[in-house]
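Along the sequence shown, residues are numbered consecutively beginning with 1. For ligands, and for the atoms within them, numbers begin at 1 and follow the listed sequence.
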Amino acid sequence: ALLAEIKAGMASAVCDVALCVPAPYLAQCQAELAGTAIALGSQDVSAHAAGAYTGEVAVSMLQDFACRYAIVGHSERRAYHGETDEAVAQKALRAVQAGVTPIVCVGETLSEREAGQTDAVVGRQLQAVLDVLDAAQVDKMVVAYEPVWAIGTGKTATPQMAQDVHLALRAKLAGKNSAAAAEVKILYGGSMKPDNAVELLAMADIDGGLIGGAALKAADFLAIAAAARQ
Ligand SMILES: O=C(CO)COP(=O)(O)O
């Protein structure tokens with residue numbers, strides 16, 4: 001029902017939109033999204049291309065459902081499933097090698113921010129991915145800055161706080177490939193809502209959003225997509 005509402009509201013393409021759904025819904029969503037401009041993505045991908053890893057979803061399986069994106073390194077995967085920077089990097093690499101665009105999530109916890117470590121933490125998380133990619137692969141990924149303290153909490157980074165981190169991330173990308181750095185989409189995630197999306201998306205280095213809670217209400221998601229067009 002949610003997908004039908006989003007589809008109806010997206011009838012005219014307002015911006016690039018991808019829906020990243022839990023793996024069991026991929027087949028249904030692929031069918032529902034066929035013929036629309038809305039892309040399909042997953043919320044995770046295995047760090048292994050193939051082999052006996054029961055329960056894992058390999059990138060080739062995602063491709064069976066025409067997934068164009070795979071979120072990797074979401075803070076909940078890092079926190080609750082012990083995913084290290086290196087494991088996240090391997091997931092990103094598997095996706096890139098298969099032609100699936102990884103959405104690489106980085107973000108600091110509240111205590112890390114309060115200790116002045118934000119740039120160091122997100123820089124380390126992004127660098128781990130850059131270390132396994134060739135310079136020519138840098139523009140094959142999307143980066144999402146998601147301050148952990150802002151996810152699902154109703155607390156949002158101010159536009160300037162987010163912009164400062166996005167700028168630092170773009171500089172880090174430029175260290176690997178300066179031309180590609182300008183092209184990489186850096187999304188902000190963390191309680192993005194219709195009432196704060198316009199000012200966040202107006203910032204020079206905020207190229208889009210990674211929407212959690214507000215994507216569960218079609219009207220809110222559509223309003224954010226409309227804000228992205230402005
Ligand atoms: O983690 C997020 C998206 O993956 C952000 O979630 P919220 O938009 O609910 O804060």
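Residue contact check for ligand 1: S75 places no non-hydrogen atom closer than 4.0 Å to it.
If you number the atoms of ligand 1 from 1 as listed, the ones under 4.0 Å from a heavy atom of A150 come out as 10 (O). Heavy-atom proximity to G152, at under 4.0 Å, picks out these atoms of ligand 1: 7 (P), 9 (O), 10 (O).
Counting only heavy atoms of the protein, atom 1 (O) of ligand 1 lies nearest to H74 NE2, 2.7 Å. Protein heavy atom closest to atom 6 (O) of ligand 1, with residue, atom name and distance, is G212 CA, 3.4 Å. Looking at atom 9 (O) of ligand 1, its nearest protein heavy atom turns out to be G213 N, 2.7 Å.
Between E76 and ligand 1, no N or O atom pair is found at a separation short of 3.5 Å. For I151, no nitrogen or oxygen atom sits less than 3.5 Å from a nitrogen or oxygen atom of ligand 1, counting backbone and side chain alike. For ligand 1, none of its N or O atoms has an N or O atom of A214 under 3.5 Å away.
Applying the 6.0 Å contact sphere to CG of D16 captures no more than 12 heavy atoms from other residues, nucleotides or ligands.
Side-chain contact, S60 with Q63: no donor N or O sits under 3.5 Å from an acceptor N or O.
Side-chain N or O atoms of S191 include one that pairs as donor or acceptor with a backbone N or O of G154 at under 3.5 Å. Between the side chain of R170 and the main chain of V165, no donor-acceptor pair closer than 3.5 Å is present. Between the side chain of K185 and the main chain of I103, no donor-acceptor pair closer than 3.5 Å is present. In this structure a side-chain-to-backbone donor-acceptor pair under 3.5 Å is missing from S178 to A174.
Which of E146, K155, M192 comes nearest to atom 2 (C) of ligand 1 through a heavy atom is settled by distance: it is E146.
Between H166 and Y145, the ring planes are perpendicular. Angles over 60° get that label, and only those under 30° would be called parallel.
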